[in-house]
Participant: 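Quick one: the structure is below, questions incoming.
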Amino acid sequence: MNIYQDIVSAKNKGKKLLAVLIDPEKIALKNIPTFLEKVQLSIATHIFVGGSTDTNNQTEKVVAALKKSSSLPIVLFPGDANQITNKADGILFLSLLSGRNPEYLIEQHIKAAPILQKTDLEIIPTGYILIDGGKETAVQKVSHTKPISQNDVDLIVHTALAGQYSGKKLMYLEAGSGAKVPVGQKIIKEAAEHLTIPLLIGGGIKTKHQLETAYKAGADLVVIGNAFENDVVFLNELKKQ
Ligand code: 1GP
């Protein structure tokens with residue numbers, strides 16, 4: 001499995017990708033097999049696992065359960081270095097580029113380095129840009145950083161470009177989990193036009209229309225968490241043809 005190369009190939013072919021985000025703090029282990037059955041029937045291409053916090057250290061157990069019943073790549077999307085487990089296939093090594101908190105720009109990475117060195121995880125350097133989604137989100141609270149306004153398109157694009165120039169292999173524009181307003185079309189379009197690396201969009205996407213709008217604007221991979229947790233009907237609407 002080469003997660004990154006597969007994302008790049010999909011981008012080059014114009015094939016859109018969808019990640020189902022599972023928050024280990026929210027999913028009950030016993031519900032995983034049934035949930036995964038629906039995921040496998042859908043157009044989802046990846047499973048991301050992570051949350052801003054994992055107080056009860058559920059990540060490893062959840063990943064192990066997912067691995068048992070799914071053939072999709074399982075990618076860690078960790079809020080901090082404690083959420084790393086070798087049982088997954090890869091990890092988004094995230095830098096919170098919209099913020100100015102060294103903890104999420106380099107400190108957590110230093111803590112993670114010796115752990116990662118002992119794993120076989122595919123490490124994917126990813127720029128992470130928090131964009132105002134109309135409510136204070138967990139990332140904002142935990143990271144003590146402010147999101148960039150949706151009106152500040154230039155700042156978002158310049159931040160993303162700076163990330164690409166410093167070697168990030170993916171760029172994730174995030175409105176925050178449960179955002180009222182997802183990342184806007186204009187932002188996605190501008191970012192996609194300026195970047196050459198794959199573009200990930202997430203936060204507050206709850207309908208097929210919003211998903212298609214994000215793809216049309218230029219998202220290569222969309223991440224959906226809350227809407228699938230709360231509403232399996234939506235997941236069923238995204239059945240493979
Ligand atoms: C959060 O972008 C992801 O980090 C997904 O957000 O849970 O709102 O879909 P939702």
Side-chain angles (χ1 to χ4, degrees), residues 1-13 15-24 44-52 54 59-60 62-63 66-67 70-99 103-131 139 143 159-174 177 183 188 191-192 194-203 214 218-225:
M1 187 180 299
N2 190 330
I3 302 164
Y4 184 66
Q5 263 323 312
D6 290 348
I7 295 175
V8 172
S9 310
K11 176 183 170 63
N12 292 340
K13 288 182 204 140
K15 180 186 181 301
K16 301 297 182 179
L17 304 171
L18 174 66
V20 175
L21 174 64
I22 294 177
D23 184 339
T45 52
H46 294 77
I47 295 176
F48 285 3
V49 182
S52 296
D54 178 14
T59 305
E60 184 153 285
V62 167
V63 171
L66 290 167
K67 202 72 207 159
S70 173
S71 53
L72 297 177
I74 299 179
V75 183
L76 299 174
F77 174 56
D80 58 48
N82 296 322
Q83 297 176 34
I84 298 172
T85 162
N86 198 20
K87 294 197 161 44
D89 301 305
I91 178 169
L92 299 185
F93 200 47
L94 299 161
S95 302
L96 183 57
L97 302 178
S98 50
E103 187 67 29
Y104 295 95
L105 282 164
I106 190 64
E107 286 292 341
Q108 284 294 327
H109 308 71
I110 296 169
K111 285 178 195 147
I115 308 170
L116 287 173
Q117 202 177 25
K118 293 194 197 94
T119 71
D120 308 312
L121 293 169
E122 182 181 336
I123 302 167
I124 309 174
T126 303
Y128 189 61
I129 300 179
L130 186 61
I131 295 170
V139 188
S143 69
T159 306
L161 268 179
Q164 176 176 296
Y165 295 153
S166 40
K168 304 301 178 210
K169 291 164 92 179
L170 296 176
M171 194 55 56
Y172 192 139
L173 304 186
E174 165 78 278
S177 171
V183 177
I188 302 176
H194 286 84
L195 296 174
T196 52
I197 55 175
L199 182 62
L200 278 60
I201 301 293
D220 297 303
L221 184 154
V222 169
V223 184
I224 298 180

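Here the structure is a predicted model, which means the values were calculated and not measured.
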Participant: For Q164 and I197, indicate whether the former's side chain and the latter's backbone hold a donor-acceptor pair under 3.5 Å.
Facilitator: yes
Participant: Is the distance between the ring centroids of Y128 and Y104 less than 6.0 Å?
Facilitator: no
Participant: Give a yes or no on whether the backbone of A81 and the side-chain of Q108 come within a donor-acceptor separation of less than 3.5 Å.
Facilitator: yes
Participant: Could you state the interatomic distance from CD1 (I7) to NE2 (H46), rounded to the nearest 0.5 Å?
Facilitator: 4.0 Å
Participant: Can you list the residues that meet the salt bridge (charged side-chain N to carboxylate O under 4.0 Å, His left out) rule with E103, with sequence neighbours excluded?
Facilitator: K111
Participant: Excluding sequence neighbours, so at least two apart, what forms side-chain contact (heavy atoms from CB on, under 4.5 Å) with T45?
Facilitator: K15, L17
Participant: Hey, what do you get for CD1 (I47) to OG (S71), rounding to the nearest 0.5 Å?
Facilitator: 8.5 Å
Participant: Please check this pair: side chain of H109 against backbone of L94, looking for a donor-acceptor N/O pair closer than 3.5 Å.
Facilitator: yes
Participant: If you define the side chain from C-beta out and look only at heavy atoms, does anything of L200 sit under 4.5 Å from F48?
Facilitator: yes
Participant: In residues 84-93, what donor-acceptor pairs under 3.5 Å come from side-chain atoms, sequence neighbours left out?
Facilitator:
residue	atom	partner	partner atom	Å
T85	OG1	E60	OE1	2.9
T85	OG1	K87	N	3.0
N86	OD1	D120	N	2.9
D89	OD1	K67	NZ	2.8
D89	OD2	K67	NZ	2.9
D89	OD2	I74	N	2.8

Participant: For D23, give me all partners under side-chain contact (heavy atoms from CB on, under 4.5 Å), at least two apart in sequence or on another chain.
Facilitator: E25, K26, E229
Participant: Which atoms form the tightest heavy-atom contact between K168 and S95, and what is the distance?
Facilitator: NZ-OG, 3.1 Å
Participant: Side chains of E174 and L130: does their closest heavy-atom pair fall under 4.5 Å?
Facilitator: yes
Participant: Which pair of non-hydrogen atoms, one from A192 and one from G218, has the smallest distance, and what is that distance?
Facilitator: CB-O, 3.7 Å
Participant: By salt bridge (charged side-chain N to carboxylate O under 4.0 Å, His left out), which residues pair with K11, not counting sequence neighbours?
Facilitator: D220
Participant: Atom CD of Q117 and atom OG1 of T119: how far apart are they, to the nearest 0.5 Å?
Facilitator: 9.5 Å
Participant: Rounded to the nearest 0.5 Å, how far does CG of L199 lie from CG of L173?
Facilitator: 5.0 Å
Participant: Grab the two heavy atoms, one from P73 and one from I3, that are nearest each other, plus how far apart they are.
Facilitator: CB-CG1, 4.2 Å
Participant: Yes or no on side chain to side chain contact (heavy atoms under 4.5 Å, CB included) for L161 and L195, after CA distance, side-chain angles and deciding distance?
Facilitator: CA-CA 6 Å; L161 268 179; L195 296 174; 4.3 Å; yes
Participant: Which atoms form the tightest heavy-atom contact between V49 and P24, and what is the distance?
Facilitator: CG1-CG, 3.8 Å
Participant: Walk me through whether Y4 and L170 qualify under side chain to side chain contact (heavy atoms under 4.5 Å, CB included).
Facilitator: CA-CA 9 Å; Y4 184 66; L170 296 176; 3.6 Å; yes
Participant: Is any side-chain heavy atom of S98 less than 4.5 Å from a side-chain heavy atom of I131?
Facilitator: no
Participant: Keeping the roles fixed (side chain from D54, backbone from T59), state whether a donor-acceptor pair exists under 3.5 Å.
Facilitator: yes
Participant: Under the side-chain contact (heavy atoms from CB on, under 4.5 Å) test, which residues partner L18, sequence neighbours left out?
Facilitator: I43, A44, L211, Y215, V222, I224, F228, L238
Participant: Is the CD atom of Q5 crowded by more than 12 outside heavy atoms at less than 6.0 Å?
Facilitator: yes
Participant: Are I129 and M171 close enough, and set up right, to give a side chain to side chain contact (heavy atoms under 4.5 Å, CB included), and what steps lead you there?
Facilitator: CA-CA 8 Å; I129 300 179; M171 194 55 56; 3.8 Å; yes
Participant: For S70 and L66, indicate whether the former's side chain and the latter's backbone hold a donor-acceptor pair under 3.5 Å.
Facilitator: no
